[in-house]
Amino acid sequence: MTMTAPAPTSARPQPRRRPVAPRARLAGIALRTPYWVLTGALALVFVFPLIWAGVASVAPQPGSSQVDGWGFGNYVTLMEYQAGLPQYLLNSTLVSGMTVLFTLTASVLGGYAFSRFRFPGRDVLFLLTLAILMVPYATLLIPLYVMLNAVGLQNTLVGLSLVLTVFQLPFATFMMRISFDAVPRELDEAALVDGCSSFRALRTVLLPAVKPGVITVGLFAFLAAWNDFVAPLILISDSDKIPLPLAVANLRAQVMGIVDYGATEAGVVVMALPCVVLFLLLQRHYVRGFMSGALKG
């Protein structure tokens with residue numbers, strides 16, 4: 001009995017995709033138009049002040065260093081004001097950097113402890129930490145001023161950074177706890193079985209997993225420290241130690257109450273640029289960090 005080879009099967013023709021009907025395409029555009037209009041209007045509302053400040057900082061206006069023609073005279077005035085723009089930028093950078101470092105260190109350890117360890121009074125302590133958010137910001141500055149003066153940190157950038165860290169910790173600890181809660185416990189349990197200590201499991205396994213939350217907390221701490229005005233006003237008395245927002249406020253009314261709008265707008269642009277650049281670079285991690293708690297399970 002002879003076996004016949006099966007005839008080769010021809011390739012099945014791929015079904016052709018139906019072209020989208022013009023009516024359905026128009027319906028999709030009509031449904032998306034309100035979203036585009038709303039988001040475009042919101043973007044314009046938020047971006048317009050920055051564009052206006054940038055144009056005003058180089059535009060000619062009376063009473064400023066740029067009276068005739070377009071140029072950077074206002075930026076020259078800002079550069080040469082008292083201790084100089086580089087010194088104020090350095091002060092703001094140091095304060096913001098230390099605030100981010102202190103906030104991340106405390107919030108990561110606190111969030112890890114609240115998320116992974118069981119101990120008496122855990123929930124009560126966490127609620128007390130969140131309760132700091134209900135305390136008015138200005139009411140704590142005078143007691144903190146007295147405490148910093150007692151330990152010799154008043155009128156120092158380190159003391160200012162510690163104060164700013166105190167006000168960032170409740171939100172930062174909350175963010176890190178929900179970030180750790182979104183990570184399966186099997187990851188750190190497997191690391192502990194392999195011989196890792198709790199700290200090493202945190203450093204090598206959990207921190208990479210909660211990177212978006214860490215970036216979100218760090219970005220919030222940086223923005224809060226970079227733009228803060230009230231705390232430096234009360235805690236810093238030396239003009240060469242003040243951060244950039246306070247220097248711009250002093251520049252605004254430096255001559256008999258006359259406002260130098262040109263130099264003020266130049267200061268606004270200089271303060272806004274690092275914030276805008278950081279947000280554009282980290283916006284993807286920023287959104288993921290806020291969504292980490294929602295994606296749990």
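Residue Arg177 comes nearest to Asp123 through the heavy atom pair NH2-OD1, 4.1 Å, listed as atom of the first residue, atom of the second, then distance. Residues Phe180 and Arg116 share a closest heavy-atom pair of O-NH1, 2.9 Å. The nearest pair of heavy atoms linking Gly218 to Val100 is O-CG2, 3.6 Å. Nearest heavy atoms, Ser237 versus Gln154: OG-NE2, 4.4 Å. When every heavy atom of Leu130 is checked against every heavy atom of Pro170, the shortest pair comes out as CD2-O, 3.7 Å. Contact between Ala172 and Thr103 at its shortest, heavy atoms only, is CB-CG2, 3.7 Å.
Side-chain contact between Val108 and Thr105 is absent, with no heavy atoms from C-beta onward closer than 4.5 Å. Looking at heavy atoms from C-beta onward, Val270 lies in side-chain contact with Leu89 at the 4.5 angstrom threshold. Asn74 places none of its side-chain heavy atoms less than 4.5 Å from the side chain of Glu265. Between Ile178 and Met175, some side-chain heavy-atom pair lies under the 4.5 Å cut-off.
The CG atom of Asp228 sits 9.5 Å away from atom OG of Ser96, with the distance rounded to the nearest 0.5 Å. One finds the CZ atom of Phe229 at 9.5 Å from the CD1 atom of Ile234 (value rounded to the nearest 0.5 Å). Between the OH atom in Tyr112 and the OG atom in Ser107 there is a gap of 15.0 Å [rounded to 0.5 Å]. In this structure, CE on Met147 lies 10.0 Å from CG on Leu140, to the nearest 0.5 angstrom. Distance check, rounded to the nearest 0.5 Å: CG of Leu219 to CZ of Phe279 gives 7.5 Å. Separation of atoms CG (Leu169) and CZ (Phe167) is listed at 11.0 Å; rounding is to 0.5 Å.
Hydrophobic clustering, with ILVMFWY side chains joined whenever heavy atoms are under 4.5 angstrom apart, groups Phe117 together with Leu109. Using a 4.5 Å cut-off between side-chain heavy atoms of Ile, Leu, Val, Met, Phe, Trp and Tyr, with links allowed through other members, Leu273 and Met271 fall into the same hydrophobic cluster. In terms of hydrophobic clustering, with Ile, Leu, Val, Met, Phe, Trp and Tyr side chains grouped at heavy-atom distances under 4.5 Å, Leu162 and Ile132 are assigned to different clusters. With hydrophobic clusters built from ILVMFWY side chains whose heavy atoms lie under 4.5 angstrom apart, Trp52 does not share a cluster with Val55. Under the 4.5 Å side-chain heavy-atom criterion for Ile, Leu, Val, Met, Phe, Trp and Tyr, Val76 and Val58 are members of distinct hydrophobic clusters.
A donor-acceptor pair under 3.5 Å is formed between the side chain of Tyr88 and the backbone N or O of Ala83. Judged by distance alone, the side chain of Trp226 and the main-chain N or O of Ser92 form no donor-acceptor pair under 3.5 Å. No donor-acceptor distance shorter than 3.5 angstrom exists from the side chain of Arg200 to the backbone of Ala191, with no hydrogens or angles considered. Side chain of Arg122 to main chain of Phe114: a donor-acceptor pair is present (N/O by atom type, distance under 3.5 Å, no hydrogens or angles). A donor-acceptor distance shorter than 3.5 angstrom exists from the side chain of Lys241 to the backbone of Asn155, with no hydrogens or angles considered. Using modelled atom types, one side-chain atom of Thr39 and one backbone atom of Trp36 make a donor-acceptor pair closer than 3.5 Å. In this structure, Asn91 contributes its side chain and Ile242 its backbone to a donor-acceptor pair below 3.5 Å.
The neighbour count for Phe102 CZ, taken as heavy atoms of other residues, nucleotides or ligands under 6.0 Å away, is above 12. Within 6.0 Å of the CZ atom in Phe46, the count of heavy atoms belonging to other residues, nucleotides or ligands does not exceed 12.
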With side-chain contact (heavy atoms from CB on, under 4.5 Å) as the test, would you mind laying out the steps for Tyr145 and Leu235 before giving the verdict? CA-CA 6 Å; Tyr145 177 89; Leu235 301 177; 3.7 Å; yes

Using side-chain contact (heavy atoms from CB on, under 4.5 Å), reason through Tyr75 and Leu85 one step at a time and then give a plain yes or no. CA-CA 9 Å; Tyr75 290 92; Leu85 178 61; over 6 Å; no

